[in-house]
Amino acid sequence: MNWIDKLERRCGGRGIPYLINGLMLGQLAAGLIILLFSWQFSYQIDLSRAYLAVGQVWRLVTFLFQPIWLGSALGVLNLVFYFWVGNALTRVWGDFRMTLYIALGMLGAWISCFLTGYASCEPIFMSLLLAYAWLWPNQTVLLMGIIPFKIKYLGWYEMAWWAVSFFRGGFPTKVCLVLGLAGFWAFYGREVFDWCVDTVKSWKRRRDWENRNR
């Protein structure tokens, strides 16, 4: 993360305070508008290359407010969970790094939109949960305030959902899912790669030892 450290030293005071709070409030407001007034509002704020081409540049930002909590089994609780995760990461990273993390995800979504004509904000918010699970895998949380479980299991579930969506989706979906995690790749991609390499090496050593001692 040397380049992030250097960038923070030069531009550390330019982070957006309460960024996660603003995003979650925007998600809530957009969802209520869709539920109470017009379901077509979702199409007026999504990220589409065709509409960007005719000057609707606000979509470069408003796509972040597409309500990911609508249609979820937990509904608003899902939104509250992302609020909690995002603010916990902000307390550790600071405003600048959180702003950079979201900005990288936005950049990935813009590139995806340019390449395929479409992009979603969902991978960006999913990347927040993955970052939290990577930092504190053994932290115990209460599902719906009742069922205790470790956050790493939720992280594995999200990765499984990501993999299923990637392999079942078309080319636009694949590009969106990969580039939407740009913040996570930039912050923790090297660590994840090293962990995967060490895990494979450990498995091979264990298998070789078992084969020699049969």
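Only this structure's heavy atoms are used, side chains among them; waters, hydrogens and symmetry mates stay out. Only a predicted model underlies this, so the values are computations on that prediction, with no experimental measurement involved.
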Within the structure provided, determine whether [X] and [Y] are in side-chain contact (heavy-atom separation under 4.5 Å).
{"X": "Leu100", "Y": "Trp93", "result": "no"}
{"X": "Lys150", "Y": "Pro137", "result": "no"}
{"X": "Cys176", "Y": "Thr116", "result": "no"}
{"X": "Phe63", "Y": "Ile124", "result": "yes"}
{"X": "Pro67", "Y": "Ile34", "result": "yes"}
{"X": "Met106", "Y": "Ile111", "result": "no"}

Salt bridge (Lys or Arg N to Asp or Glu O under 4.0 Å) partners of residues 115-140, not counting sequence neighbours, each pair once: none
Pairs meeting criterion salt bridge (Lys or Arg N to Asp or Glu O under 4.0 Å) with involvement of residues 20-35, two or more places apart: none
For [X], enumerate each residue passing the side chain to side chain donor-acceptor pair (under 3.5 Å) test, keeping only those at least two apart in sequence or located in another chain.
{"X": "Trp110", "result": "none"}
{"X": "Arg190", "result": "Asp194"}
{"X": "Trp136", "result": "none"}
{"X": "Thr199", "result": "none"}

side-chain contact (heavy atoms from CB on, under 4.5 Å) between Leu89 and Leu135, intermediate numbers included: CA-CA 9 Å; Leu89 290 171; Leu135 289 173; 3.7 Å; yes
Partners passing side-chain contact (heavy atoms from CB on, under 4.5 Å) against Ser38 (at least two apart in sequence or in another chain):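 Per chain and number, Ser38 pairs via side-chain contact (heavy atoms from CB on, under 4.5 Å) with Gln40.
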Qualifying residues under side-chain contact (heavy atoms from CB on, under 4.5 Å), relative to Ser127, sequence neighbours excluded: Tyr101, Leu181, Phe184
Can you give each donor-acceptor pair under 3.5 Å made by side-chain atoms of residues 152-168, sequence neighbours left out, with the distance rounded to 0.1 Å?
from, atom 1, to, atom 2, distance (Å)
Lys152, NZ, Asn138, OD1, 3.4
Trp162, NE1, Leu177, O, 3.1
Ser165, OG, Trp161, O, 2.9

CA sep, side-chain torsions, deciding dist, call: Tyr132, Trp84, side-chain contact (heavy atoms from CB on, under 4.5 Å): CA-CA 10 Å; Tyr132 191 95; Trp84 173 67; 3.3 Å; yes
When rounded to the nearest 0.5 angstrom, what distance separates [atom1] in [X] from [atom2] in [Y]?
{"X": "Phe65", "Y": "Ser42", "atom1": "CZ", "atom2": "OG", "result": "13.5 Å"}
{"X": "Lys174", "Y": "Ser112", "atom1": "NZ", "atom2": "OG", "result": "12.5 Å"}
{"X": "Asp198", "Y": "Lys201", "atom1": "CG", "atom2": "NZ", "result": "6.5 Å"}
{"X": "Cys121", "Y": "Leu64", "atom1": "SG", "atom2": "CG", "result": "6.0 Å"}

Ring pair (Phe, Tyr, Trp, His ring centres under 6.0 Å) against Phe96, all qualifying residues, sequence neighbours excluded: none
Using the rule that Ile, Leu, Val, Met, Phe, Trp and Tyr join whenever any side-chain heavy atoms are under 4.5 Å apart, tell me whether [X] and [Y] fall into a single cluster.
{"X": "Phe171", "Y": "Val178", "result": "yes"}
{"X": "Trp39", "Y": "Phe41", "result": "yes"}
{"X": "Tyr188", "Y": "Phe193", "result": "no"}
{"X": "Leu179", "Y": "Tyr118", "result": "no"}

Trp134-Phe187 aromatic ring centre distance below 6.0 Å: no
Atom of Ala186, atom of Ile4 and distance for their closest heavy-atom approach: O-CD1, 4.1 Å
Considering all heavy atoms, the nearest Cys113-Ser48 contact: SG-C, 3.7 Å
Output a table of donor-acceptor pairs, distance under 3.5 Å, between side-chain atoms of residues 50-62 and any protein atom two or more places apart or on a different chain; print 'none' if there are none.
from, atom 1, to, atom 2, distance (Å)
Gln56, OE1, Arg59, NE, 2.7
Gln56, OE1, Arg59, NH2, 2.7
Trp58, NE1, Gln44, O, 3.2
Arg59, NH1, Tyr43, O, 2.8
Arg59, NH1, Asp46, O, 3.0
Arg59, NH1, Asp46, OD1, 2.5
Arg59, NH2, Tyr43, O, 3.2
Thr62, OG1, Ile45, O, 3.0
Thr62, OG1, Trp58, O, 3.1

side-chain contact (heavy atoms from CB on, under 4.5 Å) between Ile151 and Leu129, worked out: CA-CA 9 Å; Ile151 198 71; Leu129 176 56; 4.3 Å; yes
Identify all side-chain donor-acceptor contacts of residues 8-26 below 3.5 Å with residues at least two apart in sequence or on another chain.
from, atom 1, to, atom 2, distance (Å)
Glu8, OE1, Arg97, NE, 2.8
Glu8, OE1, Arg97, NH2, 3.0
Asn21, OD1, Asn87, ND2, 3.0

N/O donor-acceptor pair under 3.5 Å between Gln27 side chain and Gln66 backbone: yes
